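In what follows, residues are counted from 1 in the order of the sequence shown. These numbers were taken from a predicted model, which means no experiment stands behind them.
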Amino acid sequence: VQLQASGGGLVQAGGSLRLSCAASGSIFRIMGWYRQAPGKQRDLVAYITSSGTTQYADSVRGRFTISRDNAKNTVYLQMNSLKPEDTAVYYCNVRNTYAYWGQGTLVTVSS
């Protein structure tokens, strides 16, 4: 399984970014995003199931939207109203029986 993430970058507080992660192989039951800030553990941001059920971390609910395109086997994370505390490396994660991680994409939000 290969995961290709893209869309990270530098943005000012209040701005927006859209992350994408394209997966090879079969359709995954769960696709999601995690993030890891410097010196902190990797935490769940959001996930979406193959039927469209979503779950968000409290810190991003209402600002971030996760979606997926099963035909393209791709998961997206639309991030709006970004805050400096959203700065982290964002990792996509997909799973069926096993879980797979993307390489990470850096999001930096300046104040």
Trainee: Using modelled atom types only, decide if a donor and an acceptor are shared between the side chain of Asn93 and the backbone of Trp33 within a distance under 3.5 Å.
Mentor: no
Trainee: Are Arg18 and Tyr76 in a cation-pi setup, meaning NZ or CZ lies under 6.0 angstrom from the ring centre and within 45 degrees of the ring axis?
Mentor: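 Yes - Arg18 lies over the ring of Tyr76, closer than 6.0 Å to its centre and within 45° of its axis.
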Trainee: Main chain of Ala5, side chain of Gln103: is a donor-acceptor contact present, judged purely on distance under 3.5 Å?
Mentor: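 Yes, Gln103 side chain to Ala5 backbone: donor-acceptor pair under 3.5 Å.
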Trainee: So, for Tyr34 and Trp101, is the gap between ring centers shorter than 6.0 Å?
Mentor: yes
Trainee: Less than 4.0 angstrom from a charged side-chain N to a carboxylate O is my criterion; do Asp86 and Lys83 meet it?
Mentor: no
Trainee: Both conditions, 6.0 Å and 45 degrees, for the charged tip of Arg35 above the ring of Tyr91: are they met here?
Mentor: no
Trainee: Donor-acceptor check, side chain of Asn73 to backbone of Ala22, threshold 3.5 angstrom: yes or no?
Mentor: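 Judged by distance alone, no pair lies under 3.5 Å.
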Trainee: Under the side chain to side chain contact (heavy atoms under 4.5 Å, CB included) criterion, do Val107 and Leu19 qualify, and how do the steps go?
Mentor: CA-CA 9 Å; Val107 172; Leu19 306 183; 4.1 Å; yes
Trainee: Sub-3.5 Å donor-acceptor pair from the side chain of Ser24 to the main-chain atoms of Gln2, do we have one?
Mentor: yes
Trainee: Compare every heavy atom of Leu44 with every heavy atom of Ala57, then report the nearest pair and how far apart it is.
Mentor: CB-O, 3.5 Å
Trainee: With the 4.5 Å side-chain cut-off for hydrophobic clustering, are Tyr47 and Phe28 part of the same group?
Mentor: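 In one cluster with Tyr47: Phe28, no.
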Trainee: Determine yes or no for a side-chain-to-main-chain donor-acceptor pair under 3.5 angstrom, with Asp69 supplying the side chain and Thr74 the backbone.
Mentor: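 Looks like no, no N/O pair under 3.5 Å.
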Trainee: Restricting to non-hydrogen atoms, name the atom on Met31 and the atom on Val94 that form the minimum distance, rounded to 0.1 Å.
Mentor: CE-CG1, 3.7 Å
Trainee: Do Thr87 side-chain atoms and Thr108 backbone N/O form a donor-acceptor pair below 3.5 Å?
Mentor: no
Trainee: If you look at every heavy atom in Cys21 and Leu3, which pair is closest and at what distance?
Mentor: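 For Cys21 versus Leu3, the nearest heavy atoms are SG-CB, 3.9 Å.
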Trainee: Within a strict 4.5 Å, meaning less than it, do heavy atoms of the Val45 and Phe64 side chains meet?
Mentor: yes
Trainee: Can a donor-acceptor pair be found, under 3.5 Å and without considering hydrogens, that links the side chain of Asn96 to the backbone of Ile27?
Mentor: yes
Trainee: Distance from Thr53 atom OG1 to Ile48 atom CD1, nearest 0.5 Å?
Mentor: 8.0 Å
Trainee: Write down the atom of Ala13, the atom of Ser111, and the distance for their closest heavy-atom approach.
Mentor: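 Taking Ala13 first and Ser111 second, the nearest heavy atoms are CB-CA, 4.4 Å.
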